[in-house]
Amino acid sequence: MKKKFLLFFSAGALALSLTACGGKSDKDVTVDIAKLSSDLQSTITSGGLGEVSSDILASTYFLDMDQIEESTAALNSGASACEVVIVKCKDDSYVSEAEDLFETRVKNQSDLFADYNADEVSKLDEALIESAGNYVVLCVTDDTKAAESILKEAGF
């Protein structure tokens with residue numbers, strides 16, 4: 001009986017120690033989306049971006065804004081494919097859908113730009129769609145490596 005107790009106790013302690021090694025979970029991520037958006041926009045050199053309202057965000061990306069707690073979006077005038085969109089979902093059940101909607105946006109933009117400004121398609125091919133906790137980011141930029149570094153530093 002004593003051996004079974006020690007075996008059970010040791011297995012439990014091992015399981016707890018392994019979960020402790022995981023470090024910070026995705027749910028612990030807190031992002032200042034205005035600062036992150038500004039930092040990501042600094043990686044874009046092909047024209048300025050303009051902030052858009054939540055109504056435009058909803059109609060452009062087909063997001064259910066009832067599922068979004070906080071958001072920011074900056075789009076180019078249409079001459080460039082560059083854009084930065086960050087949403088904080090109210091809970092993690094909407095994160096996957098937001099990622100899918102961002103992927104659809106990138107594909108649609110790629111098809112559109114292929115017809116009239118093919119040079120922009122390479123930016124869309126390298127589009128970053130990242131999530132951490134309840135946050136989802138879409139970034140189409142001139143400097144993907146710099147944007148990846150910024151996202152990594154922010155916890156993505």
Side-chain angles (χ1 to χ4, degrees), residues 16 18-156:
L16 287 174
L18 289 175
T19 59
C21 292
K24 188 175 183 180
S25 76
D26 278 350
K27 293 188 186 262
D28 293 337
V29 173
T30 302
V31 176
D32 177 344
I33 66 171
K35 180 181 181 330
L36 180 57
S37 178
S38 176
D39 291 347
L40 290 171
Q41 287 181 52
S42 72
T43 68
I44 297 171
T45 58
S46 59
L49 301 182
E51 295 289 322
V52 298
S53 69
S54 61
D55 291 340
I56 299 296
L57 177 64
S59 65
T60 302
Y61 298 90
F62 304 105
L63 292 164
D64 178 355
M65 296 309 285
D66 290 336
Q67 299 294 323
I68 304 299
E69 182 175 320
E70 186 179 9
S71 64
T72 184
L75 306 178
N76 201 293
S77 63
S80 166
C82 295
E83 57 190 71
V84 174
V85 183
I86 306 167
V87 296
K88 180 181 182 186
C89 302
K90 288 183 178 174
D91 59 61
D92 61 359
S93 66
Y94 194 68
V95 169
S96 179
E97 186 169 342
E99 289 172 327
D100 291 345
L101 291 168
F102 286 170
E103 288 173 12
T104 299
R105 165 70 175 181
V106 169
K107 184 192 178 321
N108 291 343
Q109 288 293 91
S110 184
D111 292 345
L112 179 70
F113 276 99
D115 288 339
Y116 80 91
N117 192 349
D119 294 338
E120 295 297 302
V121 174
S122 63
K123 293 177 191 175
L124 290 156
D125 289 342
E126 294 184 15
L128 300 172
I129 300 172
E130 301 288 339
S131 63
N134 291 353
Y135 297 91
V136 185
V137 174
L138 165 60
C139 181
V140 181
T141 179
D142 298 307
D143 190 347
T144 303
K145 291 200 184 300
E148 286 173 336
S149 177
I150 290 167
L151 287 170
K152 183 177 180 180
E153 187 174 310
F156 288 84

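Numbers here simply count residues along the sequence, with the first being 1.
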J.: Going from CG on Leu128 to OG1 on Thr141, what distance comes out if it is rounded to the nearest 0.5 angstrom?
T.: 8.0 Å
J.: For the atom pair CG (Asn76) and NZ (Lys123), what is the distance rounded to the nearest 0.5 Å?
T.: 8.0 Å
J.: Using 0.5 Å steps for rounding, measure from the CG atom of Leu101 to the CZ atom of Phe62.
T.: 8.5 Å
J.: What closest approach, in Å, do Ala132 and Gly155 show between heavy atoms, and which atom pair accounts for it?
T.: CB-O, 3.6 Å
J.: So with a 6.0 Å cut-off around NZ of Lys107, is the heavy-atom count from everything else above 12?
T.: no
J.: Ignoring hydrogens and angles, tell me if any N or O in the side chain of Asp92 forms a donor-acceptor pair with the backbone of Asn134 under 3.5 Å.
T.: no
J.: Hey, are Ser53 and Asp55 close enough side-chain-wise for a donor-acceptor pair under 3.5 Å?
T.: no
J.: With a 4.5 Å limit on heavy-atom distance, are the side chains of Gln109 and Glu83 in contact?
T.: yes
J.: Going by distance alone, is a donor N or O of one side chain under 3.5 Å from an acceptor N or O of the other, for Ser37 and Gln41?
T.: yes
J.: Kindly indicate whether the side chain of Val31, heavy atoms from C-beta on, has any atom under 4.5 Å from the side chain of Phe156.
T.: yes
J.: Looking at side-chain heavy atoms only, is the closest gap between Cys89 and Ile68 below 4.5 Å?
T.: yes
J.: For Leu151 and Leu40, what are the C-alpha separation, side-chain angles and deciding distance, and is it a side chain to side chain contact (heavy atoms under 4.5 Å, CB included)?
T.: CA-CA 8 Å; Leu151 287 170; Leu40 290 171; 4.1 Å; yes
J.: Under the side chain to side chain contact (heavy atoms under 4.5 Å, CB included) criterion, do Leu63 and Val87 qualify, and how do the steps go?
T.: CA-CA 10 Å; Leu63 292 164; Val87 296; 3.9 Å; yes
J.: Locate the shortest heavy-atom distance separating Ile33 from Glu70; write the atom from each residue and the value.
T.: CD1-CG, 3.2 Å
J.: Between Thr30 and Tyr135, what is the shortest heavy-atom contact and its length?
T.: CA-OH, 3.8 Å
J.: Determine, stepwise, if the pair Arg105 / Leu138 fulfils side chain to side chain contact (heavy atoms under 4.5 Å, CB included).
T.: CA-CA 10 Å; Arg105 165 70 175 181; Leu138 165 60; 4.2 Å; yes
J.: What distance separates Ile86 CD1 from Glu130 CD, expressed to the nearest 0.5 Å?
T.: 12.0 Å
J.: What is the distance from atom CZ of Phe102 to atom OG1 of Thr104, rounded to the nearest 0.5 Å?
T.: 11.0 Å
J.: Is a side-chain N or O of Tyr61 found less than 3.5 angstrom from the main chain of Val85, in a donor-acceptor match?
T.: no
J.: Write down the atom of Asp125, the atom of Ser110, and the distance for their closest heavy-atom approach.
T.: OD1-OG, 4.3 Å
J.: For a side chain to side chain contact (heavy atoms under 4.5 Å, CB included) check, start with the C-alpha distance between Ile44 and Val84, then their side-chain angles and the critical distance, and finish with the verdict.
T.: CA-CA 10 Å; Ile44 297 171; Val84 174; 3.9 Å; yes
J.: When you measure from the side chain of Asn117 to the backbone of Ala79, do you find a donor-acceptor pair of N or O atoms at a distance under 3.5 Å?
T.: yes
J.: Nearest 0.5 Å, please: how far is OG1 in Thr45 from CG in Asp142?
T.: 3.5 Å
J.: For Ala73 and Leu57, work out which heavy atoms get closest and say how close.
T.: CB-CD1, 3.7 Å
J.: According to side-chain contact (heavy atoms from CB on, under 4.5 Å), who are the partners of Lys152, at least two apart in sequence or on a separate chain?
T.: none
J.: Search all heavy atoms of Met65 against all heavy atoms of Ser54 and return the closest pair with its distance.
T.: CE-CB, 3.8 Å
